[in-house]
*Asks:* 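Below you'll find the structure I mean.
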Protein chains: 2
Amino acid sequence: MKKQHITIHDIARELNISASTVSRALHNHPRISQSTRDAVQQLATSYNYQPNVMASSLRKGQSRTVGVIVPRINRNFFANVIGGMEEVLAASDYHLMICQTHEQLENEISAIKTLVNARVDAIILSISLETTDKEHIQTLIDKGIHLFFFDRIFEGINAGSVVIDDRLGAYMNVKHLLEQGYRNIMHVAGADHITIFRARKEGYIDAMAEAGIDVPPGWIMERSLIQEGGESAFLKGLELSTKPDAYFCAGDFAALGVMQAARKRGLTIPDDLGISGFANEPFTAFLNPSLTTVDQRGGEMGKIVAEMFLQCAERSSEQADCEKIVLKPELIVRNSSILNK
Amino acid sequence: MKKQHITIHDIARELNISASTVSRALHNHPRISQSTRDAVQQLATSYNYQPNVMASSLRKGQSRTVGVIVPRINRNFFANVIGGMEEVLAASDYHLMICQTHEQLENEISAIKTLVNARVDAIILSISLETTDKEHIQTLIDKGIHLFFFDRIFEGINAGSVVIDDRLGAYMNVKHLLEQGYRNIMHVAGADHITIFRARKEGYIDAMAEAGIDVPPGWIMERSLIQEGGESAFLKGLELSTKPDAYFCAGDFAALGVMQAARKRGLTIPDDLGISGFANEPFTAFLNPSLTTVDQRGGEMGKIVAEMFLQCAERSSEQADCEKIVLKPELIVRNSSILNK
DNA sequence: TAAAACTGTACAATCGATTGCGCAAAGTTT
DNA sequence: AAACTTTGCGCAATCGATTGTACAGTTTTA
């Protein structure tokens with residue numbers, strides 16, 4: 001078996017120069033003569049020399065690795081974001097280290113510990129549903145680790161972030177329902193302490209207010225945004241004094257739940273009941289009727305956070321900035337909300 | 001700002017002992033007295049000491065990191081696999097470093113270089129469509145890096161692997177179509193040099209043969225397994241002398257393409273044309289009619305590869321083994337293939 | 001009681017790359 | 001020609017943890 005990895009010392013020995021000269025030559029240090037540089041670089045290439053990342057990381061105190069923490073890797077949106085980040089970061093020779101929290105605070109804390117431990121250069125985070133307290137996140141900033149949020153940010157922590165304008169997305173969504181003629185529009189909301197869900201609720205309220213409708217408390221139903229949540233919200237709607245004629249759900253799976261429950265009760269969509277969701281999960285295009293929803297632009301979001309980090313990393317010391325980027329969401333109108341007037 | 005990270009030297013200084021003693025104390029080395037151990041461990045805990053992974057990796061020549069290379073992170077199946085791996089590996093304090101190839105050999109090569117460079121302890125790989133040559137993979141084995149495949153393996157390389165029995169999955173799928181009464185069953189196949197796609201084709205041929213049907217060459221249509229591929233295959237089917245009454249597609253997206261093309265032509269599914277796919281993409285449950293398909297058990301696959309690696313890592317030196325695990329696929333019968341006889 | 005074995009710890013090298021400093025040789029400036 | 005500058009490179013320390021070896025003191029064995 002051949003030597004596993006060659007080092008600058010191997011090259012140095014072969015050329016009868018010192019390892020430090022080799023290192024400098026490889027980095028095109030101006031104090032090294034052109035001839036030495038050429039000789040070193042040529043030999044390095046011919047041996048297919050690859051610097052040991054761990055050694056240089058240790059010395060330089062930075063790992064060229066970015067940690068990512070998401071609730072679940074296998075959720076379409078998060079997978080898209082991660083895919084986008086990987087594309088951008090790989091191009092700049094950064095690695096990605098990925099952890100999932102399964103929406104549990106405990107896992108989030110240990111993921112942060114793990115990543116800090118691995119001395120990642122930055123952590124990109126989308127908080128779990130359980131995260132209501134910022135202590136564990138604050139420690140990152142104290143340690144001088146770059147921190148960025150996407151989608152699910154933690155308010156009150158000064159960090160760069162990329163989100164879509166959830167409020168606007170919800171507003172456009174509900175406005176569309178109103179334009180179709182729906183009036184008694186219920187809202188299946190997510191956990192209120194999560195910024196994005198609160199924003200979606202507010203967008204809903206705004207659109208309704210603009211149409212002169214003052215939303216009664218009972219119309220807003222906070223649920224877990226899964227099918228069961230939608231079902232439960234639909235059943236709750238049956239008990240209301242005002243009959244719902246549409247549902248705007250803060251998540252697509254909840255919308256699916258509403259749709260299935262409604263159909264089970266013999267309602268026709270969109271005629272008897274309009275439905276819209278949020279997230280543009282791939283399945284929504286294939287539902288029957290297809291589901292109106294809002295696209296969150298996951299891939300772009302990932303690319304943008306990654307670029308934000310790269311910029312920060314370049315002008316290193318200047319930690320301050322903390323840009324906050326808000327992307328425009330895209331309303332996708334499909335059949336579940338189109339009334340044939 | 002407080003000190004960023006504390007080291008064994010800090011602890012050593014505080015207790016007036018040497019760093020090596022601290023290191024041994026933390027590892028419960030028998031030669032260190034109980035009292036010293038206690039003192040060290042207590043101080044370490046109180047300072048929330050975290051060992052510098054890079055330093056110990058450098059020294060020990062292993063990184064406690066596993067590299068994963070997949071065609072695309074944001075494909076449901078791969079995201080599930082990665083999710084499963086993360087769960088298992090995180091529990092054993094291993095990290096995951098992820099690269100995507102976008103189905104391009106060039107990216108696969110550079111991903112391998114990157115990961116080798118980062119001195120990962122193992123690489124878990126699902127090859128790209130372009131990978132027909134094994135040179136870049138073989139180097140891994142030569143360098144003594146553990147290598148595992150999942151789903152898309154490279155035949156002819158001796159490495160651990162986890163796959164589902166694609167042949168059986170296809171066989172069950174087609175057998176089901178035959179039992180429903182379909183006879184002229186076309187097959188939309190994937191690239192033939194990829195093992196899994198060839199296996200699916202063979203399963204198809206086997207099932208047909210068992211029913212006494214000798215598949216004519218024209219019935220097997222090799223396509224890119226995306227919607228357009230399905231559409232194109234459907235159109236091709238119109239030109240055949242024998243009229244197709246069903247399509248078994250090696251991928252769900254191709255099946256979707258067939259379904260949409262067929263519907264555009266006024267065919268009713270499953271009455272005029274039966275359709276089945278492969279992969280159990282989430283959207284298949286929501287198509288109308290819902291799509292019969294085969295589940296690939298991504299999450300389990302990820303967990304199993306991860307465990308396979310952990311076992312290898314424990315009994316370190318014994319590299320040999322190279323277990324090859326084959327999971328039973330699950331046929332999911334839905335409406336797209338159920339004839340009301 | 002001398003020799004052997006064990007205990008508890010420190011020293012120093014090591015992993016591989018990086019970098020401040022020093023120094024000699026060559027080149028420039030007054 | 002004396003006094004700087006620049007050029008080209010090596011030495012040695014450093015990042016933090018690990019580990020082989022040495023060594024003094026204590027205990028056991030023959």
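Quick caveat: nothing in here was measured; it's all calculated off a predicted structure. To find a chain, count down the sequence lines: A is the first, B the second, and so on, and within it residues start at 1.
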*Asks:* Is a side-chain N or O of B/Q104 found less than 3.5 angstrom from the main chain of B/S128, in a donor-acceptor match?
*Replies:*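 Such a contact is absent between B/Q104 side chain and B/S128 backbone.
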
*Asks:* With the side chain of A/L58 defined as its heavy atoms from C-beta on, choose the nearest nucleotide among D/dC15, D/dA17, C/dT19.
*Replies:*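 Per side-chain heavy atoms of A/L58, the pick is D/dC15.
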
*Asks:* Taking only the side-chain heavy atoms of B/S18 (C-beta and beyond), determine which of C/dG16, D/dG16, C/dA10 contains the nearest atom.
*Replies:*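 Selected nucleotide: C/dA10.
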
*Asks:* In whole Å, what is the span from the CD atom of B/Q34 to the C1' atom of C/dT9?
*Replies:*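 Going from CD in B/Q34 over to C1' in C/dT9 covers 16 Å.
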
*Asks:* Give a yes/no on whether any side-chain N or O of A/S23 is located under 4.0 angstrom from OP1 or OP2 of C/dA17.
*Replies:*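 The answer is no; no side-chain N or O of A/S23 sits under 4.0 Å from OP1 or OP2.
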
*Asks:* Tell me, do B/V68 and B/V81 make a side-chain contact under 4.5 Å, heavy atoms counted?
*Replies:*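 No; the side chains remain at least 4.5 Å from each other.
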
*Asks:* State whether A/H27 places a side-chain N or O below 4.0 Å from either non-bridging phosphate oxygen (OP1 or OP2) of C/dT18.
*Replies:*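 Yes.
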
*Asks:* Once you round it to whole Å, what is the distance between C1' of C/dA17 and CD1 of A/I11?
*Replies:*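 For the pair A/I11 CD1 and C/dA17 C1', the rounded distance is 12 Å.
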
*Asks:* Cut-off 3.5 Å, side chains only: do B/Q296 and B/N80 have a donor facing an acceptor?
*Replies:*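 No - no donor-acceptor pair under 3.5 Å links their side chains.
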
*Asks:* Can you check the B/I32 CD1 to C/dA10 C1' distance for me, whole Å?
*Replies:*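 Nearest whole value for this atom pair: 10 Å.
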
*Asks:* I'd like to know if the side chain of B/R297 reaches the main chain of B/I164, judged simply by a donor and an acceptor atom lying under 3.5 Å from each other, with no hydrogens or angles considered.
*Replies:*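 Not a single qualifying donor-acceptor pair exists.
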
*Asks:* Should the pair A/F148 and A/F309 be assigned to parallel (<30°), tilted (30 to 60°) or perpendicular (>60°) ring geometry?
*Replies:*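 A/F148 and A/F309: perpendicular rings.
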
*Asks:* For D/dA17, does OP1 or OP2 lie under 4.0 Å from any side-chain N or O of B/S56?
*Replies:*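 For B/S56, the contact criterion (side-chain N or O under 4.0 Å from OP1 or OP2 of D/dA17) is not met.
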
*Asks:* When the distance from CD of B/Q50 to C1' of D/dG16 is rounded to whole Å, what number comes out?
*Replies:*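 Rounded to the whole Å, the gap is 14 Å.
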
*Asks:* For A/N74 and A/Q100, does a side-chain donor sit closer than 3.5 Å to a side-chain acceptor?
*Replies:*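 No donor-acceptor contact under 3.5 Å links the two side chains.
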
*Asks:* Closest nucleotide of DNA chain C for B/R119 versus for B/N16: which of these residues is on the 5' side?
*Replies:*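 Final value for this comparison: B/N16.
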
*Asks:* Rounded to the nearest Å, what distance is computed from the NE2 atom of residue B/H9 to the P atom of nucleotide D/dA17?
*Replies:*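 Going from NE2 in B/H9 over to P in D/dA17 covers 6 Å.
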
*Asks:* Nearest whole Å is fine: how far is D/dC9 C1' from A/I8 CD1?
*Replies:*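 Rounded to the whole Å, the gap is 14 Å.
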
*Asks:* Rounded to whole Å, please give me the gap between CG in B/N117 and P in C/dA17.
*Replies:*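 Atom-to-atom, B/N117 to C/dA17, this comes out as 10 Å.
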
*Asks:* Between C/dG16 and A/Y49, is there an OP1 or OP2 to side-chain N/O distance shorter than 4.0 Å?
*Replies:*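 No, outside the criterion.
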
*Asks:* Select one nucleotide: of C/dT18, D/dG10, D/dG16, the one nearest the side-chain heavy atoms of A/R24.
*Replies:*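 Selected nucleotide (nearest to the side chain): D/dG10.
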
*Asks:* Look at the side-chain N and O atoms of B/S33 and state whether any lies under 4.0 Å from the OP1 or OP2 oxygen of C/dT9.
*Replies:*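 Yes, such a contact exists.
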
*Asks:* If you only use heavy atoms from C-beta on, which nucleotide in C/dA17, C/dT9, D/dG8 is closest to the side chain of A/T7?
*Replies:*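 The listed nucleotide nearest to A/T7's side chain is C/dA17.
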
*Asks:* Check whether the side chain of B/R59 and the base of C/dT14 form a donor-acceptor pair under 3.5 Å.
*Replies:*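 Such a pair exists between side chain and base.
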
*Asks:* Are any of B/S20's side-chain N or O atoms less than 4.0 Å away from OP1 or OP2 of D/dT19?
*Replies:*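 For B/S20, the contact criterion (side-chain N or O under 4.0 Å from OP1 or OP2 of D/dT19) is not met.
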
*Asks:* Can you tell me how far P of C/dA10 sits from CZ of B/R13, to the nearest Å?
*Replies:*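 Answer to the nearest Å: 14 Å.
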
*Asks:* Counting the atoms with a prime plus P, OP1 and OP2 as sugar-phosphate, which does A/T36 contact under 4.0 Å by heavy atoms, base, sugar-phosphate, or nothing?
*Replies:*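 Contact class for A/T36: sugar-phosphate only.
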
